[in-house]
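Below you'll find the structure, written out as structure tokens, and then a few comments.
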Amino acid sequence: MAANNRRMSGKKGAQVGSGGQRRRGLEGKGPTPPAEMRKGHKKNRIATAKAKGTQRRPVARGRGGKGTSEMVVGRNPVVEALREGVPASTLYVQQFIDNDERVREALQLAAERGGINLMEAPRPELDRMTNGLNHQGLVLQVPPYEYAHPEDLAHAAADEGEDPLIVALDGVTDPRNLGAVVRSVSAFGGHGVVVPERRAAGMTAGAWKTSAGTAARTPVARATNLTRALEAYKKAGIAIVGLAADGEHEVGDLEALSGPVVIVVGSEGKGLSRLVGETCDFRVRIPMPGGAESLNAGVAAGIVLYEAARQRG
């Protein structure tokens, strides 16, 4: 009888237990979305890939490896390093140190910057840490620098919609020259500096100081083999321009500087190594009416970067 009552019931709507599914099933799912919005469709995959390609890829520090930690020793060097924004993890202060003006400034700068540990240590411990150097009661620990990978510099330029402008250093061993090149690259809108892993200057405290703070925003990449890194750039359509005293082109006449380019600077004494020189697409010289035989790497790179920026402007 109960079954007959349910069949004869005049109640409208879904029966008990249906959860309204039948009514919702009749409503439909609306208009079919375009192919670009349907997950799994070929056009959706293409659109997703394009969207990812337009996202800015930050320079991946660390893919080129890390340097070694460093100690800045002495009152004046420590104060200068803190003034110039050299990265630091710990400031060691000798116990019972004479509290002169430089010690007070070092403590104040470290406290203002934040993120620097202040450690008090006995003199024998500081002697051991610095291998007996004259630390004058102040030692600043600089953490290892995280290098980018050479290809990251080209990717960063592409993400900005710009032609790569990169400087590579071949056999430059003075950290101050590296710091000066980093500063010039930053000043003229370059995208970074490439250095070899061996027999070359790295991002030490001296390089940081010479860069005058620009190393914080201009990446330095480290290449296991500079020649192979340059060949990879060539395959990517980037011109390789080497500086040489006997170069076939004058720097002001080389139109290649207006496009994607890597400028290779050798050491002041030896210039470009043989393999690196053979890898270059162009060799350029800087006219020097005064008769100087050569320029240091920082000055030479600055001149060519200025010409590249002028042509691109």
Side-chain angles (χ1 to χ4, degrees), residues 64 147-158 162-174 177-178 180-182 184-185 188-202 218-288 292-312:
Y147 292 92
H149 189 277
E151 69 181 26
D152 294 331
L153 307 186
H155 288 164
E162 299 174 352
D163 287 332
L165 177 57
I166 299 166
V167 173
L169 300 182
D170 178 27
V172 175
T173 57
D174 188 342
N177 267 332
L178 172 57
V181 171
V182 170
S184 294
V185 168
F188 294 111
H191 299 99
V193 181
V194 180
V195 297
E197 186 174 337
R198 299 179 181 178
R199 295 185 292 277
T218 302
V220 176
R222 190 165 62 176
T224 304
N225 184 295
L226 183 59
T227 302
R228 284 203 296 265
L230 296 176
E231 289 173 347
Y233 280 138
K234 289 177 70 170
K235 290 179 181 177
I238 304 174
I240 311 299
V241 175
L243 270 65
D246 58 348
E248 297 83 10
H249 308 271
E250 281 198 6
V251 65
D253 299 331
L254 187 64
E255 295 182 359
L257 293 174
S258 63
V261 65
V262 175
I263 301 164
V264 189
V265 184
S267 64
E268 184 174 351
K270 298 180 179 179
L272 300 176
S273 62
R274 181 182 61 83
L275 289 176
V276 168
E278 292 173 354
T279 307
C280 294
D281 297 305
F282 306 94
R283 298 196 318 148
V284 299
R285 63 184 185 276
I286 298 173
M288 290 183 284
E293 292 184 1
S294 62
L295 301 170
N296 68 41
V299 174
I303 292 172
V304 184
L305 284 165
Y306 166 78
E307 178 60 25
R310 186 189 69 81
Q311 291 189 22
R312 292 164 180 240

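Only a predicted model underlies this, so the values are computations on that prediction, with no experimental measurement involved. Residue numbers count from 1 along this sequence.
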Check ion pair Asp246-Arg283 (N to O, under 4.0 angstrom): yes

Note: Glu307-Arg310 ion pair, threshold 4.0 Å (strictly below): yes

Gap separating the CD1 atom of Ile240 from the CD atom of Glu278, nearest 0.5 angstrom: 14.5 Å

Where at least one partner belongs to residues 259-282, residue pairs that pass ring-ring contact (aromatic ring centres under 6.0 Å, His included), sequence neighbours excluded: His249-Phe282

Backbone N/O of Thr279 and side chain of Lys234: donor-acceptor pair under 3.5 Å: yes

Nearest-0.5 Å distance that lies between atom CG in Leu295 and atom CD1 in Ile303: 5.0 Å

Pairwise distance CG(Asp152) to OH(Tyr147) - rounded to 0.5 angstrom: 15.0 Å

Heavy atoms of other groups near Arg199 CZ, more than 12 under 6.0 Å: no

Side-chain heavy atoms of Val251 within contact of Leu243, under 4.5 Å: no

Close side-chain approach of Ser184 and Val299, heavy atoms under 4.5 Å: no

Evaluation steps, side chain to side chain contact (heavy atoms under 4.5 Å, CB included), between Val167 and Val194: CA-CA 6 Å; Val167 173; Val194 180; over 6 Å; no

Side-chain heavy-atom pair Val181, Val265 within 4.5 angstrom cut-off: no

Side-chain touch His191/Glu162, heavy atoms, less than 4.5 angstrom: yes

Residue of the set Ile263, Val241, Leu230, Leu272 for which side chain to side chain contact (heavy atoms under 4.5 Å, CB included) holds with Cys280: Leu272

